[in-house]
Amino acid sequence: MIDTRLWGKSAGLEKPYPLMGHLVDTAMVAGAVWDGALTVVQHAAVAEALGVAMAEARRLVMFWAGLHDIGKILPRFQDMAAQDRPAHCAFLSEETYAHDRERDSQAEKIRHECATSRALPQLLAALGYPTAGRPARLLLTQVAQLLGGHHGRYPLGVEPQDLRDPLRRLPELGIGGWADQRREHVAALHGVLGRPEAPVARAMPVELAVVVAGVVIVSDWLASQDHVVSAQQAAADEIGGLRTPQSLLAHAKRASEAAPALVRDAGLGRASFRRHGFAGLFPEIARPHPLQVSIEAGLPGAVSGPGVLLVTAPPGEGKTEAALYAATVMGAACGSGGLFFALPTQATANQMYDRVVGFARRNLLDSAQVTLLHGSADLNERYAEPSPNDDGVEPRVLSDHDGGLRESAEVSVVASRWLRLRGRGILAPIAVGTVDQALMGVLPLKRNALRHLGLSGKTVVVDEAHAYDAYTHALLLRLLVWLGAMGVPVVLLSATLTGETAAGLVEAYLSGAGREPGSYRLPPPAYPGWLYADARSGSLTAPEEPVGSVRARRLSVDVLPVTHTYDATAPDGRLAALIRELHGVTAEGGCAAVICTTVAEAQRTYEALRDHYREHYGPAYAGWDDRSTDDAARQDAEAGPRLRLLHARFPARRRAAITAEAESWFGRIDKEGIRRPEPPRGTVLVSTQVIEQSLDLDFDLIVSDLAPMALLLQRAGRVWRHSEPGPSRPAWCREPRLAVLAPVGDDGRLSVPAAWGDVYAPSLLQRTLELMERRKSDPVRVPEDVQQLIDEVYAPEFTSTDPDALMKRDIKRLTDDMARRGLAGMVMLPPPAMVGSLHQLTTSDADEDLVATRLGAETVQLLPVFYDSEGKRWLDEACTIPFPERGSRNDGRFTRVEIRALLGHVVPLAHGPWRQACAEANDPPASWRREPRLARLVLLPHRIVAGDGLAGAVLGDYTLTLTHSLGLVISRAQKS
DNA sequence: AAGAAAAAAAAA
Ligand SMILES: [Fe+3]
Ligand SMILES: [Fe+3]
């Protein structure tokens with residue numbers, strides 16, 4: 001007989017809720033999660049691993065999920081309510097619950113989830129679960145361990161003796177009534193589920209066990225919601241408690257009837273898309289691009305189950321639509337239940353969210369929620385505060401497979417409140433986010449079972465798969481191993497990859513799927529092109545015909561060897577060369593971008609050009625000043641060029657404004673609100689790598705500092721980017737042209753400026769420079785020549801004019817890469833097949849700071865603050881926006897709108913030596929500490945000096961000053 | 001003396 005005085009939930013309830021009730025509720029919810037959120041393929045995989053039919057697998061998972069809190073039958077746990085509810089807990093002094101509390105370990109206070117993992121093996125063994133063989137490979141120890149992980153971290157595995165008598169190692173579990181009740185509760189739950197028989201199988205593959213663990217956590221959360229517990233409690237009271245098997249069955253029936261709605265309301269579910277050709281999915285695309293046509297022609301015939309598709313193509317060939325199309329084809333072939341679209345940055349994820357929402361609205365067969373997943377998603381207005389319009393369902397017409405009109409349906413894609421809480425968004429049927437959100441699934445982090453569950457039933461698209469450093473790339477490869485093992489279809493989108501890198505991606509996926517390396521042969525990569533690898537057979541499919549391009553062109557690339565100096569009078573100096581290159585723009589008009597390596601250099605280049613033009617066009621020259629309304633009205637070349645600066649070290653709002661202006665000038669001319677500056681007045685944008693990211697800009701000319709080949713080609717993609725319709729080009733500009741300023745020494749050889757630090761590997765710079773010099777003025781044919789250029793830059797054998805220097809630089813680069821891969825190897829999860837114990841999936845000996853998706857110095861968020869003459873603080877130099885000492889809510893906390901506004905003033909800066917000098921003056925007010933996003937801001941106090949302008953924040957030897965046109969400037973005091 | 005980028009908060 002179970003004792004229903006043993007409680008499961010107490011806090012916030014009028015009276016305690018029996019543990020038995022919570023176990024039954026969780027089991028029933030798990031059934032609904034199984035039905036509603038897992039795919040048939042997942043059902044089949046679990047069933048196969050357990051050696052039972054699918055319906056039986058479902059019952060077993062329900063049974064296990066119910067058992068998750070069996071460890072709450074534990075003296076230390078039950079005692080926890082004694083203080084608040086002495087009357088209820090009086091039963092604990094009954095003889096049967098006698099327990100010597102004095103002997104409980106005080107050093108290691110046992111928690112209930114750990115008690116679950118320790119007590120369960122013996123209890124399952126009693127039900128006939130096999131116990132022969134290595135404990136680590138037994139199903140019952142695995143189930144115990146994954147249930148012990150229901151709070152997010154898997155406990156250590158059990159020892160062999162725990163199978164017979166867990167009390168020997170853990171007397172805290174309690175004997176007598178405690179042990180009896182654990183058995184009784186297990187038996188009662190077993191009975192409620194119809195006594196599912198013990199499977200004879202061994203432990204499940206790890207990639208399945210983690211999915212089951214995820215199901216348990218989600219079911220526990222859903223069943224523990226306040227309204228669920230109170231409703232079930234009331235229902236239990238109504239039937240007179242849960243003591244008898246009949247009452248338990250009635251309780252279970254009620255719970256299972258309510259459960260599907262819980263799953264639905266939470267926003268869990270599956271997404272299924274219309275199965276249609278490309279044109280059906282994208283009716284707005286009148287003429288699909290060659291890449292899209294090629295994939296539609298070649299892919300469907302090759303797909304029969306899970307696999308990986310690698311698409312390599314330049315931007316503008318329609319990769320995104322091709323990926324969404326491929327995802328529906330590949331997803332349908334393996335019964336996938338959703339989509340995860342991974343992008344390199346928050347900004348690109350925000351953009352893609354809108355596109356995927358549009359795609360989902362048009363092509364979903366049923367409502368399915370779409371989440372946006374990244375660290376600042378709740379600051380994205382369209383996601384965080386969907387307008388009532390977005391909230392409504394979308395009326396639309398569905399046509400069935402043969403194109404006839406079938407029914408009119410409505411789909412909704414707005415994410416539920418439940419899914420918006422941290423860590424849950426990946427459970428939505430459709431999620432768009434940073435790739436980091438997926439990569440965290442291969443890091444030993446708490447609750448990564450939720451990420452595993454979220455990814456396992458989906459189709460995963462990874463955009464810009466080429467764009468990560470050796471560390472993050474290693475994590476990506478490991479993620480592919482896990483996805484391969486899970487049978488998750490994957491689409492990888494990339495710019496040019498070397499054959500080696502492309503092979504690495506495909507091999508990682510296939511090795512996860514169990515294919516031996518060497519059992520298949522990879523063709524050399526094509527650009528543009530695609531390659532599909534089938535997970536089950538390892539067979540490879542590539543397009544039968546070479547893939548055409550919509551943006552084929554000849555690009556002229558000129559290398560200009562320069563001395564790296566800002567002295568305009570040095571004839572071979574960088575500045576003089578730059579001014580010469582920009583001559584056409586300044587004299588006759590047009591749009592040019594200058595891309596610098598560092599922020600400081602971009603700032604100096606901008607200042608030097610400003611000074612030069614001021615000298616040339618007179619002191620009234622105001623083209624550099626975006627605040628000048630007079631200048632904005634000038635269209636004549638005599639006004640001197642418009643000059644702008646864009647880099648990452650501006651306050652977020654200011655950066656957004658500069659970006660918006662740049663988009664309005666250089667954006668697609670057929671887009672609304674675009675006013676491309678017309679000749680004769682020219683326009684120059686000085687920038688850093690920021691404009692490589694996510695911006696669809698077009699320039700007549702790009703002048704770039706030397707950078708690795710892949711980046712130069714990416715930058716070159718911004719020259720004459722738009723066509724049909726494209727802007728008209730100035731007369732001086734006869735071809736798309738990239739001018740590369742290459743810093744050389746007196747000997748004419750590469751001399752990497754000290755100020756470039758480690759931004760680019762000198763090895764790649766030297767190889768790139770030599771390769772371009774060797775080509776002389778041969779134009780680069782895009783896309784045909786691109787693959788070869790990339791291959792050559794990375795070739796192990798490289799014929800250099802300065803082999804000794806190259807050797808040293810190569811060694812440095814290769815060892816750096818190796819170190820990064822090594823670091824990744826130390827922190828990331830092993831492939832699922834190599835996982836010894838679930839414990840290592842959520843626990844790591846590595847330094848916590850190292851368990852990250854990206855390597856490198858931490859970025860500090862700086863908030864410039866301005867003191868006026870009276871010592872009052874403001875957020876702007878003009879003293880119009882007051883510094884908020886506290887938030888506007890009654891308790892002094894900030895609203896989301898206030899936080900968003902405040903973060904608009906924040907400037908990111910890499911951690912550096914200035915950080916040590918931070919003191920109290922740099923700490924935010926005490927009331928900010930309660931806001932996670934504000935607590936770690938660093939204030940930069942500026943002083944407004946009457947008549948003398950602005951004095952920046954002094955931090956040790958450094959002065960940090962925010963100015964309108966330069967952004968945050970860092971200057972170092974001369975050492976005396 | 002060094003780019004741009006992500007993440008970190010409360011879940012049962
Ligand atoms: Fe628990
Ligand atoms: Fe629980």
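Convention: sequence-line order gives letters A, B, ...; per-chain numbering from 1.
- In this structure, A/Asp816 does not pair ionically with A/Arg813, as no charged nitrogen and carboxylate oxygen lie closer than 4.0 Å.
- Nucleotide B/dA2 holds its P atom 10 Å from the CD atom of A/Gln603, rounded to whole Å.
- Across the protein-nucleic acid pair, A/Gln714 atom CD and B/dA4 atom C1' stand 12 Å apart, rounded to whole Å.
- Scored by the side-chain hydrogen bond (donor to acceptor under 3.5 Å, both in side chains) test, A/Thr853 finds A/Asp436 as partners (sequence neighbours excluded).
- Spacing between atom CG of A/Leu765 and atom P of B/dA2 amounts to 17 Å, rounded to whole angstrom units.
- When rounded to the nearest whole Å, the span between CD1 of A/Ile970 and P of B/dG3 equals 8 Å.
- Residues satisfying the side-chain hydrogen bond (donor to acceptor under 3.5 Å, both in side chains) criterion with A/Thr116, sequence neighbours excluded, are absent altogether.
- Near-neighbour residues of DNA chain B inside residues 649-660 of chain A, defined by a heavy atom below 4.0 Å, number-ordered: A/Arg649, A/Arg655.
- Residues passing the side-chain hydrogen bond (donor to acceptor under 3.5 Å, both in side chains) test with A/Arg153: none are found, sequence neighbours excluded.
- Taking A/Glu858 as the reference, A/Arg936 meet the salt bridge (Lys or Arg N to Asp or Glu O under 4.0 Å) condition, with sequence neighbours excluded.
- Note on A/Thr688: a side-chain N or O is less than 4.0 Å away from OP1 or OP2 of B/dA4.
- In this structure, A/Thr895 contributes its side chain and A/Glu898 its backbone to a donor-acceptor pair below 3.5 Å.
- Listed by first and then second residue, the salt bridge (Lys or Arg N to Asp or Glu O under 4.0 Å) pairs involving residues 7-18 of chain A are A/Lys15-A/Asp237 (not counting sequence neighbours).
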Contact pattern, 5' to 3', of nucleotides 6-12 of chain B - B, S or - by protein heavy atom under 4.0 Å: BBBB-BB

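- In this structure, the CD atom of A/Glu601 is 12 Å from the P atom of B/dA4, given to the nearest Å.
- Taking atom CG of A/Leu476 as the reference point, atom C1' of B/dA5 lies 15 Å away to the nearest angstrom.
- As a whole-Å value, the separation of A/Leu909 CG from B/dA1 C1' is 13 Å.
- Take A/Ser971 and apply the side chain to side chain contact (heavy atoms under 4.5 Å, CB included) test, not counting sequence neighbours, and it matches A/Thr959.
- Within the nucleic acid shown, A/Val229 has no heavy atom closer than 4.0 Å to any nucleic acid atom.
- Applying the side chain to side chain contact (heavy atoms under 4.5 Å, CB included) criterion to A/Ala236, with sequence neighbours excluded, gives A/Leu242, A/His251.
- In this structure, A/Gln689 atom CD and B/dA5 atom P are separated by 9 Å, rounded to whole Å.
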